[in-house]
Structures are given as structure tokens and as C-alpha cells.
Amino acid sequence: MEKRETERLIKKSFNIELNNNATLNKRSKNGVSLLTLTEVGEKIRLKDISAIKNWLIENDIEVFKISKSNLVFEYLVDFQLNKLLAEMMRKKIGPFWQQCFRSQVSDQGQCEAVISHFEAVVPLLMPKTRNKLVNSTNNRLMKKYNT
């Protein structure tokens, strides 16, 4: 009984209507968008449903089921894709990555969420010193394991 009641409340709050083609009215009353797995696949350029599910699991995006449709929040998928872009820019560009990222992302809310995520994460640390090998035994070991 609880499961049916929960499903009914979710349908009501997100204003989901399934038609014969099983496509969704993606916008809800409160502006939250939902995506089916095939729509997620179009965004990440994957066709296989199991590969799409694996990508969602790896990126900690929860898949939930309403009626017979597996759905995810569009915001979470976009956030994860933008996070990957920001991480790449952060590594390649360095301290100016935020300006470049802001110019690439059209949704300001999404942009600020990604930037605040990386500000909360410990910044990339660059080594300030190099290890000096003390004796010839260490030199031989380093040569042995580095080749």
C-alpha cells in the first residue's frame, strides 16, 4: 500500500502523464525536469541501456521508477557532465578555469553549483620539492621499477 501511495504522490507532484508512446511530460509544476534512460543516452552518446545505467551508477545518479519508466533528474545528469568539463578545464587551464567555464556553460545556476563543488573540494596540490635519492641502492631500485 505504501509503495502505491508514494508512486501516486510522485506522479501528482511531478505532473507525469504517460501516453501510448511512453514519453513523458518532462516539465513539472515546480520546474524539475525528468529524463528517461534513452534521453540520458542521447545526452551522453550511449545507446545501450546497461551502459547508460552503469554510467549513472558510476556518477552516483539515482534511477527511480514511476509506472514502467526508469527516470532520472535532468539537473543531476547536467551537473555531472558539467563537473567533468570543469575538472578537465581545471587540470589543463589552471587558475583561470572558472572564467573559461563560465563562458562555456549557459545555465548560471548550474555553473555556480559546479564551481562551488570544486571550491569545497581540496584544491589541486603541486609538489614543491623533489625526492633526492640517498645512495646507489636507491638509484638501482628506482631504475628497476621505473622501466
Give, for atom [atom1] of [X] and atom [atom2] of [Y], the distance between the pair rounded to the nearest 0.5 Å.
| X | Y | atom1 | atom2 | answer |
| --- | --- | --- | --- | --- |
| Glu42 | Leu37 | CD | CG | 11.5 Å |
| Glu112 | Glu119 | CD | CD | 8.5 Å |
| Ile52 | Ile49 | CD1 | CD1 | 4.5 Å |
| Glu74 | Gln110 | CD | CD | 9.5 Å |
| Cys100 | Arg90 | SG | CZ | 14.5 Å |
| Asn54 | Asn59 | CG | CG | 11.0 Å |

Looking at Leu56, Ile44, Asp60, Ile61, which one forms a side chain to side chain contact (heavy atoms under 4.5 Å, CB included) with Gln80?
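That would be Ile61.
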
Answer whether the closest heavy-atom distance between the side chains of [X] and [Y] falls below 4.5 Å.
| X | Y | answer |
| --- | --- | --- |
| Leu84 | Met88 | no |
| Gln99 | Ile93 | no |
| Phe118 | Glu87 | yes |

Shortest non-hydrogen contact from [X] to [Y]?
| X | Y | result |
| --- | --- | --- |
| Ala113 | Tyr75 | CB-OH, 3.4 Å |
| Lys43 | Asp78 | NZ-OD1, 2.6 Å |
| Phe64 | Ile66 | CE1-CD1, 3.7 Å |

Do Val77 and Ile57 share a hydrophobic cluster, counting only Ile, Leu, Val, Met, Phe, Trp and Tyr and linking them when any side-chain heavy atoms are less than 4.5 Å apart?
no

Leu76/Glu62 under side chain to side chain contact (heavy atoms under 4.5 Å, CB included): CA gap, chis, key distance, verdict:
CA-CA 9 Å; Leu76 295 176; Glu62 186 176 343; over 6 Å; no

Looking just at side-chain N and O atoms, do Thr36 and Thr38 make a donor-acceptor pair shorter than 3.5 Å?
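On atom types as modelled, these side chains qualify, holding a pair under 3.5 Å.
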
Could you tell me how the ring of Phe101 sits relative to the ring of Trp97: parallel (under 30°), tilted (30 to 60°) or perpendicular (over 60°)?
tilted

